[in-house]
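Lettering follows sequence order; numbering is per chain, from 1.
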Amino acid sequence: MGPEEFDRPLPRSFFDRSTPIVARALLGQRVARRVAGELRVGRIVETEAYVTGDPASHAYRGPTPRNRSMFGPPGTLYVYRIHQVHCANIVTRRGEAVLLRAVEPEQGIEGSTQGPGRLCRAFALTRAEDGSDVRTGAFRVLPGGTVRTVAVGPRVGISRARARRLRFAEAGNRWVSLPRPWPRSAD
DNA sequence: TCATTGATTTGCT
DNA sequence: GCAAATCAATGAT
């Protein structure tokens, strides 16, 4: 992938859809960041959706200094810190977002990209990138391919709304974080 | 100002 | 499988 592809990100309309749809559609797409002239690229293999009325969502109780990015336009990056690590989300519709949980390394990646904390470390994402736009900012979402089969299951690490099946992953992909996919997939 | 909690990771039992 | 690390955001006092 060359530098010119970095300047052809997915359109804003891609993110202006229902969040579970976007979470699924993001599988197979790419994320990229230019660092010191070099490109770091990964293929998205695992995501989670956080929606309106969802007690597990940071936006559940309305805007706060931490989560205000979640109320920005579609394609806004929301980065927060928890337990000494950072996690990155992409805003879909107002107050909803998709958590990036894992990517498959494609170019210029050092270290693991398995799990939201490690993914952020690999792309050097911190609160400094919070609120940026994934079409024009330092960290972008670029067109990739599609995935053959999507596995669906409960989200990881939350204490509320655990029954909801809002975790999406490419079935069988080795870069998907633990706990590993559910035996069967639902397309 | 104080106490609680956590969209994680790591290491040990 | 489970708990500790370790700290900022949040909500209560």
Side-chain angles (χ1 to χ4, degrees), chain A residues 15 17-27 29 31 33 40 42-72 74-105 109-132 134 137 139 141 150-170 173-183 186:
Chain A
F15 304 100
R17 295 183 281 171
S18 92
T19 303
I21 293 293
V22 176
R24 257 181 234 248
L26 276 171
L27 299 177
Q29 311 299 333
V31 288
R33 179 170 195 177
R40 296 183 190 179
R43 179 174 170 274
I44 301 172
V45 299
E46 182 185 352
T47 61
E48 283 178 359
Y50 288 85
V51 300
T52 299
D54 175 2
S57 170
H58 285 180
Y60 184 57
R61 295 168 193 278
T64 67
R66 173 172 73 159
N67 70 17
R68 68 190 145 78
S69 296
M70 281 192 75
F71 296 87
T76 298
L77 193 65
Y78 167 48
V79 182
Y80 67 90
R81 186 180 178 178
I82 184 171
H83 286 101
Q84 286 72 254
V85 300
H86 292 274
C87 296
N89 304 253
I90 300 169
V91 175
T92 56
R93 286 170 175 167
R94 183 174 176 76
E96 305 197 345
V98 174
L99 172 69
L100 299 176
R101 284 198 60 89
V103 305
E104 178 178 335
I109 302 284
E110 287 177 19
S112 173
T113 52
Q114 191 171 42
R118 295 193 189 114
L119 188 160
C120 280
R121 188 176 359 167
F123 285 89
L125 290 174
T126 69
R127 282 289 277 180
E129 286 70 40
D130 177 62
S132 68
V134 296
F139 180 78
V141 180
V150 177
V152 182
R155 294 171 293 183
V156 177
I158 56 171
S159 57
R160 287 167 297 195
R162 299 179 72 154
R164 302 190 73 160
R165 293 161 54 89
L166 293 173
R167 183 188 183 202
F168 306 92
E170 178 178 30
N173 189 292
R174 65 166 286 207
W175 296 99
V176 173
S177 70
L178 299 176
R180 268 293 164 39
W182 325 273

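Nucleotide B/dC12 forms a pair with C/dG1, judged by Watson-Crick or G-U wobble geometry with both contacts under 3.5 Å. Pair assignment for B/dG6 gives C/dC7, based on Watson-Crick or G-U wobble hydrogen-bonding distances that are each under 3.5 Å.
The ring of A/Tyr50 lies on top of the base of B/dA7, close enough and flat enough: under 5.5 Å between centres, under 30° between planes.
Each of A/His83 and A/Arg127 has a nearest nucleotide on DNA chain C; the 5'-most of these lies closest to A/His83. The residue among A/Gln114 and A/Ser159 whose nearest nucleotide of DNA chain B lies closer to the 5′ end is A/Ser159.
Atom CZ of A/Arg127 has more than 12 neighbouring heavy atoms from other residues, nucleotides or ligands inside a 6.0 Å radius.
When DNA chain C is scanned in the 5' to 3' direction for atoms under 4.0 Å from non-hydrogen atoms of chain A, the outermost contacting nucleotides are C/dA5 to C/dG11.
The side chain of A/Ser57 has B/dA7 as its nearest neighbour among B/dA7, B/dT9, B/dT10.
Using a 4.0 Å heavy-atom criterion, one finds that A/Arg121 contacts the sugar-phosphate atoms exclusively. Residue contacts shown for A/Leu99 include a base, since a base heavy atom lies under 4.0 Å away. Note on A/Gln84: a base of the nucleic acid sits closer than 4.0 angstrom, heavy atoms only.
Atom pair A/Arg101:CZ and B/dA7:P shows a separation of 11 Å (rounding to whole Å applied).
As rounded to the nearest Å, B/dT5 and C/dA3 have C1' atoms that lie 16 Å from one another.
DNA chain B is contacted by A/His58 of residues 58-68 of chain A, taking any non-hydrogen atom closer than 4.0 Å.
Among the candidates A/Gln114, A/Glu104, A/Glu46, the single residue satisfying the side-chain contact (heavy atoms from CB on, under 4.5 Å) test with A/Val176 is A/Glu46.
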